[in-house]
Amino acid sequence: MASPQSYYVPEQSKWPIVATVGLFLTLTGLGNVLIAGQQASDTSNGWLMFTAGFGIMLYMFFGWFGTVAKESMAGLYSAQMDRSFRWGMSWFIFSEVMFFAAFFGALFYTRYLGVPWLAGEGDGAPNVLLWPEFKAAWPLMSNPNPETFPGPNATIDPWHIPLINTFLLLASSVTVTIAHHAVKKDHRTQVVIWLAATIILGAIFLGFQVHEYQVAYNELNLTLKSGIYGTTFFLLTGFHGMHVTLGAIILTVVLIRYSRGHFSSKQHFGFEAASWYWHFVDVVWLGLFFAVYVL
Amino acid sequence: MSAVIESDHHDHHHGPAKGLMRWVLTTNHKDIGSMYLWFSFIMFLIGGTMALIIRAELFEPGMQIVKPEFFNQMTTMHGLIMVFGAVMPAFVGLANWLIPMMVGAPDMALPRMNNWSFWILPFAFGLLLSTLFMDGGGPNFGWTFYAPLSTTYAPPSVTFFIFAVHMMGVSSIMGAINVIATILNLRAPGMTYMKMPLFVWTWLITAFLLIAVMPVLAGVVTMMLMDIHFGTSFFNAEGGGDPVLFQHVFWFFGHPEVYIMILPAFGIASAIIPTFSRKPLFGYPSMVYATASIAILSFIVWAHHMFTVGLPLAGELFFMYATMLIAVPTGVKIFNWVATMFRGSLTFETPMLFSIAFVILFTIGGFSGLMLAIAPVDFQYHDTYFVVAHFHYVLVPGAIFSIFAAAYFWLPKWTGHMYNETLGKVHFWMSFIGLNLTFFPMHFVGLAGMPRRIPDYALQFADFNQISSVGAFIFGTTQLLFLFIVIQCIRGGKKASAQVWEGADGLEWTLPSPAPYHSFAQPPVIK
Amino acid sequence: MKPSKLLRLPAVLACLGVASAHAAWQTNLTPGVTEVGESVYQLHMIIFWICVAIGVVVFGVMFWSIINHRKSKGAKPAQFHESTTVEILWTIIPFVILIAMAVPATGTLIKMYDASDAAVDIKVTGYQWKWKYDYLNEEVGFFSNLSTSQDQIYNRDEKGENYLLEVDEPLVIPVGKKVRFLVTANDVIHSWWVPDLAVKRDAIPGFVNEAWTQAEKVGVYRGQCAELCGKDHGFMPIVVKVVSEPEYKEWVLAKQEVARQEYELKNKEWTLDELMTRGEKTYGTYCAGCHQPDGAGLPPAFPALKGSQIAKGPIESHADIVLHGKAGTAMQAFASQLNEVDIAAVVTYERNAWGNSMGDMLTPQQVAAMKNK
Ligand code: HEA
Ligand code: HEA
Ligand code: CUA
Ligand SMILES: [Cu+2]
């Protein structure tokens, strides 16, 4: 254990309360928008709050991370401090894993238990009373009540875009690792190149995904409203997509900070945290590729 | 040890800053701990007031005071506020105050984030409470918010309820990350894992539970949000979903959640009982292993809340057996405490009284829990007041009593003054009597067939409900005495020594009372 | 002493000083009138006594220490703080006790799950806030509503003996026959619970759960909805009449006859007054819970019908919302719950009551035409 004399305890900080206000406004604003939308009334107040809150959050991110970056470069952070950040980041990623676990759980549950029961299979035998027409299948093309939930016409073929996307993300995991090695060796141009490559791969991935969603909505009638298949499909891939977006933004920030000389070959936790996050997003995709598309 | 950095918007402080901004901007674990504790007490009074409204309506058969729809909002908000607003923040507050002192650290590992975790809470609960004044009223679907009552059939304010839960989740997860980082990384030299006080151990495990299940709660409310506003069908059979899926996901969070509310209490009892028995804790390692076993088992028992939803027989049996198993490690803990008292040299100051009552009454609550775990019999108990009796026995004399015990135990360390022992004892006895009057009769009405969450009931339940209501008002008003004792203790009183209690043992007792603003500037060396 | 007496003892002590106006306290689980209920009761008592025994030992040691090892008596603390043997012992003993509990529990549970070979199949559907019973093989079906008056609930009238536990039409089943319940719900989750029959099954919209009972004693048994289902969750009781086999047969026939008559009413010519009289009754049973007896509703959740745009607007759209409900709100589609006559009557009533004097009426024939569209 390093000597805790050097443990840096920051002075008072305004960022947490700014962050709280930002978060609060963003969420209440969004809530107002949603409720007003439901009641078909005016959503502009909600949007105003939401935008204000979001702006405050952005300001906070720049400010807070700026402070951290300054402190880090001022050499205030000991090795022990660094370990605190590492623990913090690892457990944060673990919490994200559990968030996805809830959605994977929902997918497996409905697919292997809920839908067959609805169709009167196994322990759900008496359900034929309610849904005599309904047949279990996955992907589920025809829902128990097709009037309220019209099913999709077709599903996404895993061996086209999703497969390409798998390769893209796998490749990006490799590139970010190369960049990491380059950081350790202080090969600065290499770092920039490989990091940029990672971000570009992520962006292409997102581009494909947007295209896939467009096809799903416009041609396949596969939407959020097309029953449990569309529900799980969009929620899982959608949250993953949001994480890719966030990861790409983080990597971009890291790239900018790197070119400004914020990281050294010894001290670059910000870089590592971003790459951990990226790997995590990648692993989730592998799970998705098999559970959502292939199986 | 404090900062040497330039800072453009505020001056440097080595002690606490002055004024309101001290509390808003603070990064100090003691300030933040105090804020958590005060916040939790306010929430306890608000949630308690709601309980008193419930009890007043249930004083007699017939509708007297509130309308059924408002009654449901009271039940829901009472549960939510007590669980998320009173008990959890109180434990986080204690963790903030005590863990750095107990492991010999200067502060929490991530002090700024610590402040953020706290300040989210008042905003989240402000939002939650404000729903009571919205069109259609606040959440009225129980603290377990089963779909589709909480989705298709919910009042519009459910959207804000969902976001409030998201905010609480963010707060708890960050709080838990901080606790883990502090314990894993900031222990003083020589403080090996098996030398950590049990409060630190139980919190380490609790924090792990929090990080594992709060995101699942966030996930399930997100699914609700999608079903409500975006036409998905997670919980709608017409689209191939399943309302029971909601319950599985909720209870995967919910059951570990109840242990989140009791494990730190175990840690507190394990600090207090040895102190006033003047004898080391019996079976320290087995206490650690038992806590860990309870935590692990808590992930595979969730469906004992769902015995009547029509699970397949095999599932029913599995969850019944797994649930029963939890009695084993919990029993080990009870036996160890009793063995600690056995052949000790006991005195009965207020913290000890609360701890002894904790052990006895928690065990009674545990017994009724075990009865609930027997699936075929749970068909009769489920959703009756027998369940209400069970969980109030584990929560009120369990979680709440342990928090009182901790407050009395460490108040001298926090304030530098002794509290008024006589008043403390009065507080204890009044609470003890009030609580048993309130919750014991609930066993009877439950067994006799009174369902929970009803604003009005059949005539044969009248007598016991009357007793419950009287007890609730005794217990409730007694808590104002606690408020008085704490304020009195903060403002003055007999000076406390560093060790405070004759049998006290641990790093926090080596610091002067009141403890200095920054805990261990120089890391202490252990053994 | 009998267990139930013992259980009652502390309660009696606790009650001293509190006036007791009502008779017959029940403080324990009912064994009920079925074999399964009896074994559930036995299980309950076994576990209860095991817990009491463990409690006596644990608290005994504890109080012995509290009394004899207090400092004020000069007790000197011992310093022992570990013993692996004891730890192992008090891990294994509870484990063995648990196994002893699990064995009979498993047996009872398996019995409860065997719903095969039932003589009568009844589909039970939970609605906000009433039950519907369909006898699948007898072609009998009806709703069962709370029959306690609002006056009793709001303390304007003396409360009757079965306050809140009485319904307009009880479920009727034959004694000594295995009856299977197929439990489901129309809107939110409910739970069908009759303690004396030892049945509690959640009613889940879109899914069907099975349960069964075999009552061994003729009588009337009462229960309640056991899952929070909204505003009137506390007001949807269950009453089951267990009758002898011949009586049951007779009842079925009578029910079928009533259904035939209802059917004929559909084709009869109705006058405004007749419809109003019938409509008032239907309204009181089905609609007043939300829209209130005086038509004032409980805004904003439940709109007023008195002066409502819809009740005073075109009759087709008024009938339409009653027939098909409004998706996403508590307003259900009543087409499947009420017959043509009742729909016609209630709509007519709403248009002419509480000063909504529209003067027009809807006939059952018109409703039938709308339904078939
Ligand atoms: C602090 C909170 C807390 C704790 C610690 C517990 C502890 C336990 N609970 Fe409880 N429970 C709740 C809070 C808690 N519970 C809440 C809030 C609900 C209701 C939620 C809702 O629906 O709103 C609930 C509901 C609940 C149910 C669902 C009931 C129903 O709805 O039908 C069940 C069923 O199995 C259950 C079981 C248990 C068991 C087996 C334990 C065990 O951990 C208890 C173990 C302890 C002992 C057994 C005593 C000590 C042991 C010995 C002395 C050893 C020897 C003993 C034997 C061998 C018997 N609980
Ligand atoms: C830790 C959790 C906790 C705690 C401490 C309590 C404390 C109490 N609870 Fe609660 N309870 C729950 C958790 C808790 N409860 C949960 C989870 C539910 C289930 C909810 C659901 O079904 O969804 C529940 C449900 C519940 C019910 C069942 C409601 C129903 O089914 O309809 C009842 C009924 O009596 C009840 C009563 C009480 C009482 C009398 C107290 C007393 O201990 C309260 C003590 C009173 C006070 C502390 C009041 C002090 C205030 C004053 C004296 C006034 C001063 C005021 C100001 C200064 C503003 N609770
Ligand atoms: Cu139906 Cu509660
Ligand atoms: Cu549980």
Side-chain angles (χ1 to χ4, degrees), chain A residues 1 3-5 7-17 19-20 23-24 27-28 30-31 34-35 37-39 64 70-71 74 76 80 83-84 87-88 91-92 94-96 98-99 101-103 105-106 109-110 114-115 118 123 140 143-145 148-149 224-225 227-231 235, chain B residues 1-3 5 7 9-10 12-13 17 24-27 105-107 109-112 115-116 119-120 123 127 156 159-160 163 166-167 173 177 180-181 184-187 189 211-212 215-216 218-220 223 226 229-234 237-242 245 248-249 312 518 522-523:
Chain A
M1 242 164 280
S3 88
Q5 277 108 314
Y7 202 85
Y8 171 65
V9 177
E11 285 296 331
Q12 296 192 331
S13 168
K14 71 172 178 188
W15 297 120
I17 191 75
T20 308
L23 181 68
F24 178 75
L27 289 180
T28 31
L30 192 57
L34 290 173
I35 293 174
Q38 200 177 31
Q39 297 167 346
W64 193 331
K70 257 190 251 162
E71 287 169 356
L76 290 171
Q80 192 183 19
R83 270 202 304 278
S84 283
W87 282 124
W91 288 100
F92 168 68
F94 175 59
S95 79
E96 291 267 42
M98 292 308 294
F99 181 76
F103 287 92
Y109 176 88
T110 44
V115 168
L118 274 172
D123 289 297
L140 188 60
N143 294 309
N145 185 345
T148 44
F149 290 95
L224 279 171
K225 297 189 168 102
I228 194 65
Y229 182 76
T231 298
L235 263 283
Chain B
M1 61 131 282
S2 135
I5 187 185
S7 98
H9 12 61
H10 37 71
H12 299 240
H13 298 285
V24 177
L25 305 178
T26 186
T27 51
D107 205 298
L110 304 160
R112 271 185 294 239
N115 173 307
W116 193 18
W119 275 105
I120 288 177
F123 284 83
L127 183 60
T159 307
F160 290 118
F163 287 137
H166 275 129
M167 288 171 76
I173 291 170
I177 289 178
I180 295 199
L184 295 184
N185 195 29
L186 257 59
R187 278 168 291 124
I211 300 179
V216 176
V220 77
M223 293 177 203
M226 299 305 291
H229 291 291
F230 299 97
T232 57
S233 51
F234 280 111
E238 293 181 25
D242 184 351
L245 168 64
H248 281 290
V249 187
H518 292 289
Q522 295 299 320

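Bear in mind the structure is a predicted one, so any value in this text is a computation, not a measurement. Residue numbers start from 1 in every chain, and the chains themselves are labelled A, B, ... in the order their sequence lines are given, proteins ahead of strands.
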Exercise. Can you tell me if B:Asn185 uses its side chain to pair, donor with acceptor, with the backbone of A:Gln80 under 3.5 Å?
Worked result: yes

Exercise. So what's closer than 4.5 Å to chain B heavy atoms on A:Asp123: side chain, backbone, both or neither?
Worked result: side chain

Problem set entry | Closest approach of B:Thr26 to A:Gln12 (non-hydrogen atoms, all atoms of both residues) | CA-CG, 4.5 Å

Exercise. By a 4.5 Å heavy-atom criterion (distance strictly below it), what part of A:Ala19 contacts chain B: side chain, backbone, both, or neither?
Worked result: both

Exercise. Is it the backbone or the side chain of A:Phe149 that comes under 4.5 Å from a heavy atom of chain B, or both, or neither?
Worked result: side chain

Problem set entry | Part of B:Ile173 lying under 4.5 Å from any heavy atom of chain A | side chain

Exercise. A:Thr28 versus chain B, heavy atoms under 4.5 Å apart: side chain, backbone, both or neither?
Worked result: both

For this session: Could you walk me through whether A:Trp91 and B:Leu184 pass side-chain contact (heavy atoms from CB on, under 4.5 Å), step by step?
Result: CA-CA 12 Å; A:Trp91 288 100; B:Leu184 295 184; 4.2 Å; yes

For this session: Start with the C-alpha gap between B:Met167 and A:Leu23, add the side-chain angles, then the distance that decides, and say whether side-chain contact (heavy atoms from CB on, under 4.5 Å) holds.
Result: CA-CA 8 Å; B:Met167 288 171 76; A:Leu23 181 68; 4.2 Å; yes

For this session: Locate the shortest heavy-atom distance separating A:Ser84 from B:Leu186; write the atom from each residue and the value.
Result: OG-CD1, 3.9 Å

Seminar exercise, completed: Shortest non-hydrogen pair, B:Asp242 vs A:Gly114, comes out as OD2-CA, 4.5 Å

Exercise. Can you say whether A:Tyr109 sits under 4.5 Å from chain B via the side chain, the backbone, both, or neither, judging by heavy atoms?
Worked result: side chain

For this session: Could you tell me which portion of A:Phe92 (side chain, backbone, both or neither) has an atom closer than 4.5 angstrom to a non-hydrogen atom of chain B?
Result: both

Seminar exercise, completed: Okay, A:Gln39 and chain B: the region with an atom under 4.5 Å from a heavy atom over there is side chain

Problem set entry | Value rounded to 0.5 Å, distance of CE in B:Met223 from CG in A:Leu235 | 7.5 Å

For this session: Check whether B:Ile211 gets within reach of chain A through its side chain, its backbone, both or neither, counting any heavy atom under 4.5 Å.
Result: both

Problem set entry | Heavy-atom contact with chain B under 4.5 Å, split by part of A:Leu118 | side chain

For this session: Answer yes or no: is there a donor N or O on one side and an acceptor on the other, between the side chain of B:Thr232 and the main chain of A:Leu224, under 3.5 Å?
Result: no

